[in-house]
Engineer: 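One structure follows; several queries about it will come next.
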Amino acid sequence: MQLYNTLSAKERATLIEKAGKDRLTLSFYQYAHISNPQEFRDQLFIVWNKLDVLGRIYVASEGINGQLSLPADRFDEFKAHLDTIDFLKDIRLNIAVEQDNMSFLKLKVKVRHKIVADGLNDATFDVTNKGVHVGADKFNELIEDENTVLVDMRNHYESEIGHFKNAVTPDVDTFRESLDIIEDDLKEHKEDKNLVMYCTGGIRCEKASAYFKHKGFKNVFQLEGGIIEYTRQIKEQNLENKFIGKNFVFDERRAEKISDDVIAQCHQCGAPFDVHTNCANDACHLLFIQCDKCKAEMDNCCSEACKEINALPFEEQKALRKGQGNSNDIFKKGRADYLPYKKDLRNIFEVLKKKEVPKS
């Protein structure tokens, strides 16, 4: 029996276009004890493949984390199947703010050690002792409190295109990196400040809130359902939107517009721009922000070196990549040293750090 994806992204896109049906993009997660993740994964694939579900789903002994799309007219069937699984019955589904039929082009259900790579040893603290979940209304109230520290639990390439006003946005590439940085920066305020956290859909805050409570923080809150649910609630309840810019998402859409503000810059020329792209050189594939002008001038490449390689015939490019593996730049997510605008910002920062603080 087929238990894996057999169609290429191009073939799947053609089928979606021919079907002419609207698709829904959604996400959900749930921490739960799964005794046999591989068997559970296989069962999900069999059912969801028949429902024409596409997406990226991680299954582990600690639960499930899914981002996916499916035909809108099969949503009820999908929800009915979730309800047959005890720990997924009546689970909140975060429906995407902006829909795109091509948000996912393959069904990938993978067994992982964890549903989020947090690098934590869960046996060392009570992962069920989580922070207080708050909706959009209470969240707006909390972040206006002078005793609140608002922290973005996402990575820098997510927060640079959009974040809540006055949020602390750690300059990190991974979720695990941010945990120690936040604890160290706020160590003097474990008892006298409200620690309020948010992320895309809420899953990173689930573990982070328990971790920070374990580390001694007394007043820990997390945005229920993350930015996605917040956006739904502010529209439904006619609340003030305190998020500026775009919400980065991990599918073909790359981002959802929450407000009209453009808060990011092209990583090559510094012009206001907030659309991520991948370097056209497959040996690099760096994720970075590139405006239309630079894209045309650089042939969608992040550097002159990549531009030269990308201009070579395909077979020559393939030969150059042989045995090289992925460039480490792909993991820098737009912080490569040779990106002009980013490099200039780092140089300015280093100069400022070296300056002596004037004596009062």
Side-chain angles (χ1 to χ4, degrees), residues 29-32 62-63 65 92 114-156 158-160 162-231 233-234 237 239-244 247 349 352-353 357 359-360:
Y29 69 89
Q30 185 67 281
Y31 281 99
E62 68 172 4
N65 179 17
R92 185 192 65 249
K114 289 194 171 189
I115 56 176
V116 173
D118 54 37
L120 297 174
N121 180 358
D122 293 357
T124 62
F125 65 102
D126 182 0
V127 296
T128 67
N129 184 24
K130 298 176 289 189
V132 177
H133 290 67
V134 295
D137 193 13
K138 180 64 176 178
F139 179 82
N140 279 357
E141 179 185 323
L142 273 171
I143 64 177
E144 291 299 328
D145 189 332
E146 62 181 13
N147 291 316
T148 289
V149 177
L150 177 62
V151 179
D152 192 322
M153 295 306 301
R154 302 172 303 154
N155 303 319
H156 83 93
E158 299 173 76
S159 61
E160 73 176 331
H163 54 75
F164 282 101
K165 298 173 184 176
N166 302 320
V168 175
T169 55
D171 188 21
V172 297
D173 282 324
T174 66
F175 172 55
R176 181 64 187 93
E177 287 178 80
S178 66
L179 296 175
D180 290 340
I181 291 174
I182 292 167
E183 183 193 359
D184 186 60
D185 287 349
L186 303 180
K187 60 187 176 185
E188 303 300 324
H189 301 289
K190 291 185 176 182
E191 296 192 10
D192 66 332
K193 295 286 187 181
N194 298 317
L195 174 56
V196 181
M197 298 177 292
Y198 70 90
C199 57
T200 308
I203 187 170
R204 282 174 274 192
C205 295
E206 287 289 290
K207 191 69 69 70
S209 66
Y211 177 76
F212 286 129
K213 289 186 73 174
H214 167 69
K215 287 293 185 175
F217 288 86
K218 302 300 183 185
N219 305 304
V220 182
F221 302 84
Q222 61 194 87
L223 178 58
E224 173 74 22
I227 300 164
I228 299 173
E229 176 64 9
Y230 174 86
T231 305
Q233 289 185 17
I234 61 169
Q237 301 173 31
L239 302 173
E240 180 184 357
N241 174 32
K242 295 183 179 294
F243 188 94
I244 53 175
N247 179 29
F349 181 63
L352 290 174
K353 282 204 304 184
V357 179
K359 295 179 180 178
S360 56

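Counting begins at 1 with the first residue of the sequence. The basis for the numbers below is simple: all heavy atoms, side chains too, and nothing from hydrogens, waters or symmetry mates.
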Engineer: If we ignore hydrogens and angles and just use 3.5 Å, is the side chain of E158 paired with the main-chain N or O of N247 as donor and acceptor?
Structural biologist: no
Engineer: If you look at every heavy atom in A210 and V127, which pair is closest and at what distance?
Structural biologist: CB-O, 3.7 Å
Engineer: Does any part of the side chain of Y31, heavy atoms only, come nearer than 4.5 Å to the side chain of I115, both counted from C-beta?
Structural biologist: yes
Engineer: For M153 and C199, work out which heavy atoms get closest and say how close.
Structural biologist: CB-CB, 4.3 Å
Engineer: Between the side chain of N140 and the main-chain N/O of E240, is any donor-acceptor distance below 3.5 Å?
Structural biologist: yes
Engineer: Are any of the side-chain nitrogens in E183 or K190 under 4.0 Å away from the carboxylate oxygens of its partner?
Structural biologist: yes
Engineer: Hey, does V151 have a side-chain heavy atom less than 4.5 Å from the side chain of Y198?
Structural biologist: no
Engineer: Hey, does the side chain of T148 reach the backbone of I143 with a donor-acceptor pair shorter than 3.5 angstrom?
Structural biologist: no
Engineer: Keeping to residues at least two apart or across chains, list the salt bridge (charged side-chain N to carboxylate O under 4.0 Å, His left out) pairs with something in residues 117-130.
Structural biologist: K114-D118, K114-D122, D118-K207, D122-K207, K130-E206
Engineer: Check whether any side-chain heavy atom of N65 sits under 4.5 Å from a side-chain heavy atom of V116, and report yes or no.
Structural biologist: yes
Engineer: Would you say H156 and P170 make side-chain contact, with heavy atoms under 4.5 Å?
Structural biologist: no
Engineer: Between F139 and Y230, is the gap from one ring center to the other below 6.0 Å?
Structural biologist: yes
Engineer: Measure the spacing between CG of N241 and CZ of F164 and express it to the nearest 0.5 Å.
Structural biologist: 7.0 Å
Engineer: CD1 of I227 to CG of D152: how many Å apart, nearest 0.5 Å?
Structural biologist: 6.0 Å
Engineer: If I compare all heavy atoms of E188 with all of D192, which pair ends up nearest, and what's the gap?
Structural biologist: O-OD1, 3.9 Å
Engineer: Identify, with sequence neighbours excluded, every residue that meets side chain to side chain contact (heavy atoms under 4.5 Å, CB included) alongside Q237.
Structural biologist: D137, Q233, L239
Engineer: Is there side-chain contact between L195 and L186, with heavy atoms separated by less than 4.5 Å?
Structural biologist: yes
Engineer: Do V149 and V196 have side chains that get closer than 4.5 Å, going by heavy atoms?
Structural biologist: no
Engineer: Check this for me, if you would: do E160 and R154 make a salt bridge, where the nitrogen-to-carboxylate-oxygen distance has to be below 4.0 angstrom?
Structural biologist: no
Engineer: Below 4.0 angstrom, N of the basic side chain to O of the carboxylate: do E144 and K242 qualify?
Structural biologist: yes
